[in-house]
Amino acid sequence: DAGVTQSPTHLIKTRGQQVTLRCSPKSGHDTVSWYQQALGQGPQFIFQYYEEEERQRGNFPDRFSGHQFPNYSSELNVNALLLGDSALYLCASSLEDKRGYTFGSGTRLTVV
Amino acid sequence: KQEVTQIPAALSVPEGENLVLNCSFTDSAIYNLQWFRQDPGKGLTSLLLIQSSQREQTSGRLNASLDKSSGRSTLYIAASQPGDSATYLCAVRTTGTASKLTFGTGTRLQVTL
């Protein structure tokens, strides 16, 4: 049973560019959340998607946007990249019934 | 606003020792609390999930307890091994915030030979 799959694993972008990160949830899961983890910090909640709608959003600017597809997979888009966007981006999936989360291995984004 | 604190920030112990990692949270209205392990540069691996109605959960050498009223959880690791070296993160899912997880900054554990 495949867990949460994220792609790509590593990415280097230039300031001002745009990036798209992808996530496939664990089989049977219907909810996808995205987190940003800076070095030495705990993950910070970006937003969550359920039934193809953004259900909740953390304190991130509108440059961060996302999408969930009918097969429950999801994308995270970041526009106008800043150096401070360099981080590990984690995708987590879960079931709507408030059980635990399963995380992917993350995408390491470096903005230069 | 929920805040999660983990103490200590770092810990180094010799192999074979039993150890306790601490997690505290400010809002006791939680659905559940989850402990994760993170190896350097990697994703999160779930260790234990405790629902708000439970007092503890056990998996192998790991035991996690939850005292919701005092806003505390502990992760007990028995007979530590070098392979246990990693960062351990505590995360709470708070009532009224849909499904958002709030994380602590983690405890970095090193188990030496």
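Small disclaimer: the values here were computed from a predicted structure and weren't measured. To find a chain, count down the sequence lines: A is the first, B the second, and so on, and within it residues start at 1.
The side-chain tip of A:R55 points at the ring of A:Y50 from less than 6.0 angstrom away and within 45° of straight on.
One hydrophobic cluster, built from ILVMFWY side chains closer than 4.5 Å, cannot hold both B:Y88 and A:Y101; they sit in different ones. Both B:L33 and B:L62 are assigned to one and the same hydrophobic cluster, defined by single-linkage of ILVMFWY side chains at heavy-atom distances under 4.5 Å. In terms of hydrophobic clustering, with Ile, Leu, Val, Met, Phe, Trp and Tyr side chains grouped at heavy-atom distances under 4.5 Å, B:F36 and B:I77 are assigned to different clusters.
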Apply side-chain contact (heavy atoms from CB on, under 4.5 Å) to residues A:T14 and A:V111 and explain how you reach the verdict.
CA-CA 5 Å; A:T14 303; A:V111 182; over 6 Å; no
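Here A:G42 is the residue among A:C91, A:G42, A:A92 with the most heavy-atom pairs under 4.5 Å with chain B.
Note on B:D84 versus B:R61: salt bridge recorded, some NZ/NE/NH1/NH2 to OD/OE distance being below 4.0 Å. Ion pairing between B:K1 and B:D27 fails under the 4.0 Å rule for side-chain N and carboxylate O.
Note on ring orientation: taking the six-membered ring where Trp is involved, the planes of A:F60 and A:F64 are perpendicular (angle over 60°, cut-offs 30° and 60°).
A:Q6 places a side-chain N or O within donor-acceptor distance of the main-chain N or O of A:Y89, the cut-off being under 3.5 Å. In terms of modelled atom types and a separation under 3.5 Å, the side chain of A:Q48 and the main chain of A:S33 share no donor-acceptor contact.
Of the two parts of A:Q44, neither the backbone nor the side chain holds a non-hydrogen atom closer than 4.5 Å to a non-hydrogen atom of chain B. Within the 4.5 angstrom heavy-atom criterion, only side-chain atoms of A:Y35, from C-beta onward, approach chain B.
Identified by a heavy-atom distance below 4.5 Å to chain A, contributing residues of residues 18-25 of chain B are lacking entirely. Residues of residues 37-46 of chain B that come within less than 4.5 angstrom of chain A, heavy atom to heavy atom, are B:Q38, B:G41, B:K42, B:G43, B:L44, B:S46 in numerical order. Heavy-atom neighbours of chain B within the stretch residues 72-81 of chain A, taken at a separation under 4.5 angstrom, are nonexistent.
Across all their heavy atoms, B:S85 and B:V111 have their closest contact at OG-N, 2.9 Å. Taking all atoms of both residues into account, the shortest heavy-atom contact from A:G106 to A:L90 is CA-CD2, 3.8 Å. For the pair B:A64 and B:L75, the tightest heavy-atom approach, listed with the atom from each and the gap, is CB-CD1, 4.2 Å.
By the side chain to side chain donor-acceptor pair (under 3.5 Å) test, B:T102 pairs with no residue at all, sequence neighbours left out.
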